[in-house]
*Asks:* 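My questions all concern the structure below.
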Protein chains: 2
Amino acid sequence: MQVNPVTPLAPSGPAVIRCSECPMGSLCMAGGLRPCDMAHLEAIAGGRRTLMRGEYLHRAGDAFVKLFAIRSGHLKTLRHAHGDCQVTGFPMAGELLGLDAIADGRHDSDVVALDTCEICEIPFDGLRELLVAAPSLMDQFHRALSREIQRQQAALFLMGNARAEQRLALFLVGLRARYAARGAPSTQIQLRMSRDDIGAYLGLTMECVCRLLARFRKAGWITLTGRRLTFVDGARLAALAEGVCQEPLA
Amino acid sequence: MQVNPVTPLAPSGPAVIRCSECPMGSLCMAGGLRPCDMAHLEAIAGGRRTLMRGEYLHRAGDAFVKLFAIRSGHLKTLRHAHGDCQVTGFPMAGELLGLDAIADGRHDSDVVALDTCEICEIPFDGLRELLVAAPSLMDQFHRALSREIQRQQAALFLMGNARAEQRLALFLVGLRARYAARGAPSTQIQLRMSRDDIGAYLGLTMECVCRLLARFRKAGWITLTGRRLTFVDGARLAALAEGVCQEPLA
DNA sequence: CGCGCTATTGAAGCAGATCAAACATCGTGG
DNA sequence: CCACGATGTTTGATCTGCTTCAATAGCGCG
């Protein structure tokens with residue numbers, strides 16, 4: 001029942017030093033680069049860092065010096081203001097962190113590891129110089145920035161228009177799709193975040209998330225024991241996520 | 001009572017041809033550029049366009065060819081999916097549009113003029129070449145992208161955590177701040193969008209927006225006749241926006 | 001002057017929040 | 001090994017803020 005200890009999502013044993021050999025290359029910035037540009041990127045993306053569960057990659061207010069690329073592991077990004085706290089995302093392997101800090105040279109969110117994470121550090125000053133020399137990398141970088149805007153807009157749309165049931169369904173199928181995009185098994189996944197985190201991400205309370213998960217389970221769309229989630233009727237779930245309103249689901 | 005017909009927010013009479021002379025220069029991408037870089041930008045940012053109220057700058061699905069810089073006027077950006085429609089922003093003079101379309105070469109939102117607008121067109125291919133040649137422009141561009149991410153994150157936070165009263169207060173003080181940042185009179189402003197638009201932006205119904213505006217009016221914090229809004233007790237409104245929970249406001 | 005659109009106000013219903021309590025799960029130390 | 005507390009999850013009961021539906025009022029404009 002246990003998955004193979006070495007999967008694209010588990011921390012790899014010895015640190016991989018080259019972007020060209022990184023299993024996440026196609027998702028991270030290095031995707032679609034000419035080999036020589038790749039070499040340049042490797043040259044500046046020297047730093048590695050390992051985070052244990054609960055450790056912070058950075059906190060709101062920290063000076064922005066580097067971008068971070070996730071080599072493996074799962075994290076959550078947080079934003080707070082006067083007591084309230086919102087989870088803004090659950091970044092995972094192959095994603096880029098810190099893009100929102102470029103504008104004013106200071107991070108405005110916390111980033112916490114949900115499990116053991118391997119992180120690449122990309123000094124922004126070095127990257128800036130490199131972008132000028134390697135246009136394909138620059139394009140890649142701009143796409144990454146733009147995609148981040150899209151992601152936020154989609155999330156915003158979700159919060160504004162979808163009701164709880166739909167939000168959660170969308171969250172689940174989105175999560176599944178992200179694992180699938182990484183070539184990882186996606187019909188059965190281990191949730192790395194608490195119900196509370198999910199709630200804070202979707203703008204719902206923990207209790208509400210629980211009840212909805214129970215409904216999905218009773219409807220036979222998923223099975224869920226603890227944080228082990230299995231998609232049983234993915235199509236039905238996806239339909240709900242798309243807003244196709246079916247029977248009110250008792 | 002009528003404002004001077006020539007203000008930074010009104011469409012200027014004869015088209016200004018040079019970025020260096022554009023009244024919005026400091027807010028748009030040209031801010032803080034070396035004069036020679038400015039000249040380059042002027043060279044590629046040739047196209048001008050005037051939109052009348054209700055006209056579309058572009059629609060979801062349109063191919064992405066140019067970025068748009070707003071020289072004057074007000075617009076709204078829309079996103080839809082299966083019937084539902086969300087207003088994602090009310091861009092105004094000095095802001096850049098289209099950054100979300102870079103990633104996949106296709107716009108995924110509609111942009112509609114709320115009044116007469118003058119728009120600069122910046123061919124993206126030209127800009128890309130220019131960025132390589134002019135590092136200061138590249139930095140400026142990255143800041144613009146990053147700031148857009150921040151804006152979306154802030155909006156997301158709002159939707160997730162703030163209740164209706166606070167959202168609307170935040171919307172109003174935000175609007176005021178944006179006028180102030182442009183050097184325009186900001187204690188009395190003309191809303192360019194309908195109550196419905198405000199609702200669709202804040203994730204509320206039009207009725208709810210109306211009721212809240214009525215409350216703010218009764219509390220003596222604003223006056224509002226039609227779309228003419230005056231801030232009377234800005235501090236109180238700002239306090240509410242910041243989440244300082246005061247008396248329940250009858 | 002009357003038509004159409006936007007805005008306002010009222011009454012009723014409901015989705016999700018809040019409060020509260022039981023129940024797993026898990027690491028830890030006796 | 002089990003008892004233990006800490007943490008996370010589940011379910012129930014009640015409450016409330018916002019939506020929905022409906023009707024009226026202003027306002028601009030031909």
*Asks:* Does OP1 or OP2 of D:dC18 have a side-chain N or O of B:Thr205 closer than 4.0 Å?
*Replies:* no
*Asks:* Taking it one step at a time, do A:Gln152 and A:Asp100 satisfy side-chain hydrogen bond (donor to acceptor under 3.5 Å, both in side chains)?
*Replies:* CA-CA 11 Å; A:Gln152 301 292 337; A:Asp100 56 332; over 6 Å; no
*Asks:* Are there more than 12 heavy atoms of other residues, nucleotides or ligands under 6.0 Å from atom CZ of B:Arg49?
*Replies:* yes
*Asks:* Between B:Gln190 (CD) and D:dC27 (P), how many Å, whole number?
*Replies:* 13 Å
*Asks:* Check DNA chain C against residues 167-176 of chain B and give the residues with a non-hydrogen atom under 4.0 Å, in numerical order.
*Replies:* none
*Asks:* Please write out the pairs of protein N or O atoms and N or O atoms of nucleotides 2-9 of chain C separated by less than 3.5 Å, giving the distance to one decimal.
*Replies:*
from, atom 1, to, atom 2, distance (Å)
C:dT6, O3', B:Arg227, NH2, 3.4
C:dA7, OP1, B:Arg227, NE, 3.1
C:dA7, OP1, B:Arg227, NH2, 3.3
C:dA7, OP2, B:Arg195, N, 3.0
C:dT8, OP1, B:Arg195, NH2, 3.3
C:dT8, OP2, B:Arg195, NE, 2.7
C:dT8, OP2, B:Arg195, NH2, 3.3

*Asks:* Rounded to whole Å, please give me the gap between CD in B:Glu165 and P in D:dT16.
*Replies:* 16 Å
*Asks:* Between D:dT9 atom P and A:Leu191 atom CG, what is the distance in whole Å?
*Replies:* 9 Å
*Asks:* With the threshold set at 4.0 Å, does a side-chain nitrogen-carboxylate oxygen contact exist between A:Glu95 and A:Arg182?
*Replies:* yes
*Asks:* Quick check: are there more than 12 heavy atoms from other residues, nucleotides or ligands sitting under 6.0 Å from CZ of B:Arg227?
*Replies:* yes
*Asks:* Any chance the side chains of A:Thr223 and A:Thr230 put a donor and an acceptor closer than 3.5 Å?
*Replies:* yes
*Asks:* Select base, sugar-phosphate, or nothing to describe what A:Gly199 touches, counting heavy atoms under 4.0 Å on all strands.
*Replies:* nothing
*Asks:* According to ring-ring contact (aromatic ring centres under 6.0 Å, His included), who are the partners of B:Phe64, at least two apart in sequence or on a separate chain?
*Replies:* B:His107, B:Phe124
*Asks:* Rounded to the nearest Å, what distance is computed from the CG atom of residue A:Asp197 to the P atom of nucleotide D:dG8?
*Replies:* 9 Å
*Asks:* When you compare the side chain of A:Leu158 with that of A:Asn161, does any pair of heavy atoms fall below 4.5 Å?
*Replies:* no
*Asks:* What's the separation between atom CG in A:Leu229 and atom CG in A:Leu172, rounded to the nearest 0.5 Å?
*Replies:* 6.0 Å
*Asks:* Using whole Å, report how far CD1 of A:Ile198 lies from C1' of D:dT10.
*Replies:* 14 Å
